[in-house]
> 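Provided herewith is a single structure, encoded as structure tokens, for subsequent inquiry.
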Protein chains: 2
Amino acid sequence: MLDEKKGLTLDISSCKPLREIVFETIRCAIITGELQPGQRLMEVRLAEEMGVSRTPVRESIRKLELEGLVKMVPRRGAYVTPMSVNDLKEMMEIRRALEELAAELAAMNATEEEIEKLYDANRRFGESALANDEAGIIKNDMDIHDIIYEASGNKKLLAMINSLREQMQRFRAEYVHRIEDKTPLVDQHMEIIKKIENGESALAKAAVSEHIHSTGDDMLQVLYAVKNDKNKNEWAL
Amino acid sequence: MLDEKKGLTLDISSCKPLREIVFETIRCAIITGELQPGQRLMEVRLAEEMGVSRTPVRESIRKLELEGLVKMVPRRGAYVTPMSVNDLKEMMEIRRALEELAAELAAMNATEEEIEKLYDANRRFGESALANDEAGIIKNDMDIHDIIYEASGNKKLLAMINSLREQMQRFRAEYVHRIEDKTPLVDQHMEIIKKIENGESALAKAAVSEHIHSTGDDMLQVLYAVKNDKNKNEWAL
DNA sequence: GCTTGTAATATTGTATACATTATCCATTAT
DNA sequence: ATAATGGATAATGTATACAATATTACAAGC
């Protein structure tokens, strides 16, 4: 059951079924870029790397296909889905609509405790931005948005945004490296939080829309930069 | 490979891999209500009914779990996800946000040919509504929305809305039975189409928002009626 | 030199076998 | 009579075997 060879390694500590661990391992490898876009996923090879049989690997690949992270060609195998600029644009549009909805609902439903957590997370985000602590920036930014999604009270919305966000994460690591100053985002976050606190759903929605729109534009600019980077040609752009 | 027993039957005519046919067969059975909410899905039984082995059945169930149509409990089996009133409410909220986005984008991107198809589909919808032709009402309504999604130019948005819509379809058959007069929807559709034709994205978005909101309310009313219907207790409400 | 055909290899698709665990029913003890 | 316990049964989780198809390499012909 354990990994005996190089490559992906499983976290056996949890008590989940093996297939879930395998699924999350492969998924994480794709999102972090360990498995690169366009790369072929061969069942036997992945199974050997993780020290399991083909069965859980197959199930994982099929599920990843449904999620869009993997593309399958019948009888030919599975590939990590390459993302085009257009794909990212489509996901940004959808994400904006969903984030707007989340803010709108959060403004109607957020508890005092959640408001408190928002202020707290944004304070930490500001510290990370000042210190240029990339890991902290990403984590605290995700925290802020997570709290908003949960405050919306819509569990399915939370799951859908998270799926989208994780797929975009494949670009995001690259993105944060190239951006210099993230401190303006602290004010954007603060504005959103205030609207939510006051229950001004329409204004919260508008603030989020602007926030996503500006960061989305940044991201696309980075994408074009990546496109012209010789070392990143494996990304199908 | 063929069905030798009672129950689900496969459509062998296509050249797709068996697993895709199995997936779609089970998925369709859940959406149409042939497999009822809360019902247990036993791999051996489903496999025997369709005349295939457990492997493609397992893969299908795992994928359906990811989509939310099936709920799995480790070591205990899989069940058709029961839908609560709250689940439907969550999906309605998300669908409204996505439909608004689709209309907004369609207003910016629709071709003349697509506008023409919209008018045509709405004319047919009106005929079905007048004749109280339930199948026609559903089909033409879906056509109208489909054309809008495609006109948006966002493929991922199309896929997401369709997935949501098909899940809500589980209620929809019930819904249409109980509604008397669908003709007011013809005007609502017409208004949306006109805004799209004129490229008025904000107005198109608003019109769709209102349209979804009103039909959503209807649907929730039906749900409460279903809830009080003794024959429908298998729906976990 | 390039294309085409064919055999060898590798990979996917499906089926089945085995191990583990949950469920159910009967028996027994309180 | 009821509750608890134990075994039989059945289901899931995983691994492996086999068949069908795709890929590759190499050789023969143009």
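Scope of the values below: all heavy atoms of this structure, side chains included, with no hydrogens, waters or symmetry mates. Since this is a predicted model, take the numbers as computed values, not measurements.
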> Let me know the distance between CD of Glu43(B) and C1' of dC18(C), rounded to the nearest Å.
15 Å

> Under 3.5 Å, side chain of Asp87(B) to main-chain N/O of Ser84(B), donor-acceptor pair present?
yes

> Apply side-chain hydrogen bond (donor to acceptor under 3.5 Å, both in side chains) to Lys71(B) and list each qualifying residue two or more places apart in sequence or on a separate chain.
none

> Considering heavy-atom distances to DNA chain C, does Ala78(A) or Thr55(A) have its closest nucleotide positioned more toward the 5' end?
Ala78(A)

> When the distance from CG of Leu41(B) to P of dA11(D) is rounded to whole Å, what number comes out?
13 Å

> Can you tell me how far P of dG13(C) sits from CD1 of Ile21(B), to the nearest Å?
13 Å

> Would you call the rings of Phe125(A) and His189(A) parallel, tilted or perpendicular, where under 30° means parallel and over 60° means perpendicular?
perpendicular

> Given atom CG of Leu18(B) and atom C1' of dA19(D), what is their separation to the nearest angstrom?
14 Å

> Report the nucleotide, chosen from dA15(D), dC18(D), dA11(D), that has the shortest atom-to-atom distance to any side-chain atom of Met42(B).
dA11(D)

> Nearest whole angstrom, please: distance from the C1' of dG13(D) to the CZ of Phe23(A).
17 Å

> Return no unless some side-chain N or O of Ser53(A) is found under 4.0 Å from OP1 or OP2 of dA15(D).
yes

> From the list dA11(D), dT11(C), dA15(D), which nucleotide is the closest neighbour of the side chain of Arg40(A)?
dT11(C)

> Quick check on DNA chain D: between Pro56(A) and Gly77(B), whose nearest nucleotide comes earlier from the 5' end?
Gly77(B)

> Under 3.5 Å, is there a donor-acceptor pair between the side chain of Thr81(A) and the main chain of Gly68(A)?
yes

> Starting from P on dT12(D), measure out to CZ on Arg45(B) and report it in whole angstrom.
12 Å

> Going by number, which of residues 58-75 of chain B have a non-hydrogen atom under 4.0 Å from DNA chain D?
Arg58(B), Arg62(B), Pro74(B), Arg75(B)

> Taking the side chain of Arg19(A) as heavy atoms from C-beta outward, which of dG13(D), dA15(C), dT12(D) is closest to it?
dG13(D)

> If we ignore hydrogens and angles and just use 3.5 Å, is the side chain of Glu90(B) paired with the main-chain N or O of Lys155(A) as donor and acceptor?
yes

> Taking salt bridge (charged side-chain N to carboxylate O under 4.0 Å, His left out) as the cut-off, I'd like each qualifying pair that reaches into residues 18-33 of chain B, sequence neighbours left out, listed once.
Lys16(B)-Glu24(B), Arg27(B)-Glu67(B), Arg27(B)-Glu166(B)

> Starting from C1' on dA15(D), measure out to CG on Leu46(A) and report it in whole angstrom.
17 Å

> Out of dG13(C), dA15(D), dG13(D), which nucleotide sits closest to the side chain of Arg54(A)?
dG13(C)

> Hey, is the main chain of Leu105(A) close enough, under 3.5 Å, to the side chain of Asn109(A) for a donor-acceptor pair?
yes

